[in-house]
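Values reported hereafter were calculated over all heavy atoms of this structure, with side chains retained and with hydrogens, waters and symmetry mates removed. Within every chain, numbering begins at 1; the chains are lettered A, B, ... in the order of the sequence lines, protein sequences first and strands thereafter.
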Amino acid sequence: MYSLKTAPKKEPLRPETLSGQFYYLQNFHQVLDSVEALYEDILPPSSREFIEHFRHLPLDAQALLIRLHSRKGPIIREDKLSYPEIGDVAEAIRLLADVRWLQVNPPVTEDYLLATLTKAEISAGFGVPQHGLSRPAMLATLHVTPAEIYATFATRFLLLTCHEYLQPLLDAFFGSRDQDLSAFIVSELGHIRYPDYPLERRSRRFHSTGDLQEYADLEDTYSRYREWRADPEAPLEDLLELVPLIPAIARNRPWRYRCDRLINRIGRACERAGEVERALELYAMSELPPARERRVRLFAATHDWYSAYTLCLQMQEAPADYSERHFARFFMPRILKQLGLPAASRRPAPRIQRLEGGKPEDRPELRAMQALGTDNGDWHYVENWLFNAWLGLWFWDVIYSDAPGAFTHPFQIAPHDLYEPGFRQRREKLIRQRLAMLEEGSLSERQQVLLETWQAHEGKANPFVGWYEGGAALLEKAHAHIPARHIRVIAERWLSDLRNHRSGFPDLIQWRHDGGYELVEVKGPGDQLRPNQTAWLQFFGEEGIPARVVYVA
DNA sequence: CTATTAACTG
DNA sequence: TTCACACAATCTC
DNA sequence: GATTGTGTGTCTCAGTTAATAGGG
Ligand SMILES: [Mn+2]
Ligand SMILES: [Mn+2]
């Protein structure tokens, strides 16, 4: 792989000697150092080799590789490179090509090459008219081979081929694919301020080379699924090819959720294409709702009432979440009827208040506020913001406390395991303390805690607190009007499933003159309660928390 | 020719 | 990419 | 009424540049 001529120099590049214009290379070296420190023994051998050889490349070659990696690609034209800080780009290209991390004029199909050419260039190069034609229309009439393109244009076409070595390093560093090297810049420029959390004793999110491989396979398959979705012409067969690529189900792995979500989405696509058997197979692999609901519906649609009954019964007795509980409750009577079994009596429909008033062009929530009037107190349109902000502040220190595998790099908005099962269990002691604090001390002391937390962290990126103007005042009101017991039981339910229980709160809240409060969910015509809203409303009813639904005509 | 969009940058 | 929502089309009861 | 799918607004870090679409 490495010829003598390009054999590594003895001394690796020392990133601390880099000047500011190589900021992006400094950042990448930080990634390498961090990943080596945390995951040295489980990195794939090819990635370890990559690191070793990368460190020994000359500065220009290192810099060019990272510059190219930050481009969209996949094909990049040499004549479009303008990097004054890199002295000899041609030499850097030669070095990268020598170690096979880069291909010059690679054997790819012509569409990748054409994507780098402008309409004017294509027109001039191949004599096709460009005026009045959209790009797709122009390309439709054009038939050229890659060889012809290479012969026609003077520039070289570059393709990075080190993705398979580089990606595991970035996966290991970020722990997910939703961030890239731009996180360094965005943070440095102050566009995003991250919360403070402990990084001194980092613990691993990946525990073996297999873990890293499995996660990479999942994400690669996921992006192929997204490509399939984006193309309306793509045949179902292309999608079905992905199914065997989905990693063997990794129970208790952090990426189980993403895995099951991908399975559910492919299953849904199969349903739309009429591939019921395929869909059933896929859903059977997934534990994530609505997999079981879809199976019950498909059994029902094919009149397999016995299978529908068996599965629906399992859902009823051990619902994975509110949506399964909700579905089993309303769908079971239908199945029982088909089987000739007696159905339990229907629950009475909740009483709904109908309101009229407000300007018809306004949003239903605003119309309801006007119609409800302010005789008993002011209304505020807070929806999910209020309780998430309140609880997000109260549990701020818990969320950003040390926990196994929670924090691995400096650009995290939340702990990696925020929405994973076991989030509470891993922080049980602290959570109990914070819950107990809710009903200890004086009202003003607790209010002080909230306000100080707001002031200390205002503006920092986080999953729950939106730092809106006037938000702190609303939270003070909430603290004064909502009894501590109400907050505590809401907190318990919120903590039990942060992903699902962070939404579904009622639209409006009223601070009543009598010191109390009331929650109101507004429904306009054509809108109905969603399962997560029903779940909270039912919970509020059980706990004696004042909440109702109003319908705006 | 102008408005919109995508890519790129720090 | 992700929601939360409004609304339309289609089918079933 | 139930179900499913679609579109919309919101939110993406902010600012510059080049390419494209589309109208006159
Ligand atoms: Mn709402
Ligand atoms: Mn509503």
Side-chain angles (χ1 to χ4, degrees), chain A residues 20-27 66-77 79-85 115-123 130-139 176-194 219 222-223 225-226 229-230 232 258 261-262 265 268-269 271-272 290 293-294 296-298 300-301 326-327 330-331 333-334 337-338 346 349 361-366 381 383-385 388 411 413 419 459 461 463 466 468 499-500 502-507 521-533 552:
Chain A
Q21 53 190 345
F22 291 102
Y23 68 92
Y24 53 91
L25 186 54
Q26 286 176 329
N27 296 340
I66 303 310
R67 279 294 202 186
L68 294 180
H69 181 260
S70 73
R71 291 247 197 160
K72 182 171 176 282
I75 301 294
I76 300 159
R77 280 165 55 172
D79 62 345
K80 294 289 180 186
L81 304 180
S82 170
Y83 299 124
E85 79 280 6
T116 69
L117 302 168
T118 68
K119 285 169 67 180
E121 286 168 329
I122 295 170
S123 174
Q130 61 165 317
H131 291 292
L133 285 178
S134 70
R135 192 182 171 94
M138 188 178 164
L139 292 180
S176 76
R177 290 243 175 129
D178 53 17
Q179 281 174 302
D180 54 34
L181 290 173
S182 69
F184 285 86
I185 312 296
V186 171
S187 169
E188 197 160 330
L189 294 178
H191 289 129
I192 297 181
R193 286 169 51 218
Y194 292 95
E219 291 298 342
Y222 219 123
S223 56
Y225 163 76
R226 278 192 289 265
R229 274 222 66 183
R258 286 186 68 78
R261 193 172 60 174
L262 176 58
R265 288 183 176 178
R268 205 56 203 264
E271 274 193 68
R272 286 191 198 106
E293 174 181 332
R294 297 315 308 169
V296 171
R297 285 186 188 278
L298 288 174
H326 178 84
F327 172 77
F330 84 82
F331 204 80
R334 215 182 285 185
K337 194 177 156 196
Q338 290 294 328
R346 282 218 169 169
E361 68 271 21
D362 280 344
R363 300 193 53 165
E365 291 84 358
L366 302 180
Y381 180 20
E383 218 168 46
N384 297 320
W385 176 84
N388 280 308
F411 313 112
I413 284 173
Y419 294 130
Y468 296 109
R499 189 197 294 278
N500 286 309
R502 57 169 301 156
S503 63
F505 288 100
D507 295 311
E521 170 56 35
V522 182
K523 286 297 162 195
D527 189 16
Q528 51 184 331
L529 287 175
R530 266 163 277 284
N532 58 349
Q533 296 176 325
V552 186

When the [atom1] atoms of [M] and [N] are compared, how many Å lie between them, rounded to an integer?
N       : M       : atom1 : value
dT5(B)  : dT2(C)  : P     : 22 Å
dT4(D)  : dC13(C) : P     : 14 Å
dT10(D) : dA6(C)  : C1'   : 14 Å
dA14(D) : dC3(C)  : C1'   : 24 Å

Determine the interplanar angle of the Phe331(A) and Phe327(A) rings, folded into 0 to 90°, and report it as parallel if under 30°, tilted if 30 to 60°, perpendicular if over 60°.
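Phe331(A) and Phe327(A): parallel rings.
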
Can you find a side chain N or O atom of Arg268(A) that sits less than 4.0 Å from OP1 or OP2 on dG5(D)?
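Arg268(A) to dG5(D) OP1/OP2: side-chain N or O found under 4.0 Å.
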
Could you tell me the separation between the [atom1] atom of [X] and the [atom2] atom of [N], rounded to a whole number of Å?
X         : N       : atom1 : atom2 : result
Leu133(A) : dG23(D) : CG    : P     : 15 Å
Glu121(A) : dA18(D) : CD    : P     : 14 Å
Leu139(A) : dT20(D) : CG    : C1'   : 13 Å
Arg294(A) : dA2(D)  : CZ    : C1'   : 12 Å
Leu529(A) : dG1(D)  : CG    : C1'   : 15 Å
Arg135(A) : dG22(D) : CZ    : P     : 14 Å
Phe330(A) : dA2(D)  : CZ    : C1'   : 8 Å

By ring pair (Phe, Tyr, Trp, His ring centres under 6.0 Å) - contacts of His69(A) (at least two apart):
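Counting only residues at least two positions away or on another chain, His69(A) forms no ring pair (Phe, Tyr, Trp, His ring centres under 6.0 Å).
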
Restricting to non-hydrogen atoms, name the atom on Val552(A) and the atom on Pro364(A) that form the minimum distance, rounded to 0.1 Å.
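That closest heavy-atom pairing would be CG2-O, 3.8 Å.
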
Heavy-atom closest contact (Arg77(A) atom, Thr116(A) atom, distance):
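It is NH1-O, 2.9 Å.
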
Salt bridge (charged side-chain N to carboxylate O under 4.0 Å, His left out) involving [X] - partner list, sequence neighbours excluded:
X         : answer
Arg67(A)  : Glu85(A)
Glu219(A) : Arg258(A)
Arg268(A) : Glu271(A)

Taking C-beta and beyond as the side chain, do Tyr23(A) and Ile185(A) meet within less than 4.5 Å on heavy atoms?
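Yes, at least one pair of side-chain atoms sits under 4.5 Å.
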
Using a 4.5 Å cut-off on heavy atoms from C-beta on, say whether the side chain of Leu81(A) contacts that of Arg71(A).
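A side-chain contact exists here, since the closest heavy-atom pair is under 4.5 Å.
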
Under a 3.5 Å cut-off for both distances, is dG5(D) Watson-Crick or wobble paired, and to whom?
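dG5(D) is paired with dC7(C).
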
Please classify the nucleic acid contact of Arg193(A) as base, sugar-phosphate, or nothing, using heavy-atom distances under 4.0 Å.
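Nothing, no nucleic acid heavy atom in range.
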
How would nucleotides 1-13 of chain C be written as a contact map, 5' to 3', with B for base contact, S for sugar-phosphate-only contact and - for no contact, using protein heavy atoms under 4.0 Å?
SS-SSSS------

Going 5' to 3' through nucleotides 4-10 of chain B and flagging B where a protein heavy-atom sits under 4.0 Å of the base, S where only the sugar-phosphate is that close, and - otherwise, we get ---SSSB

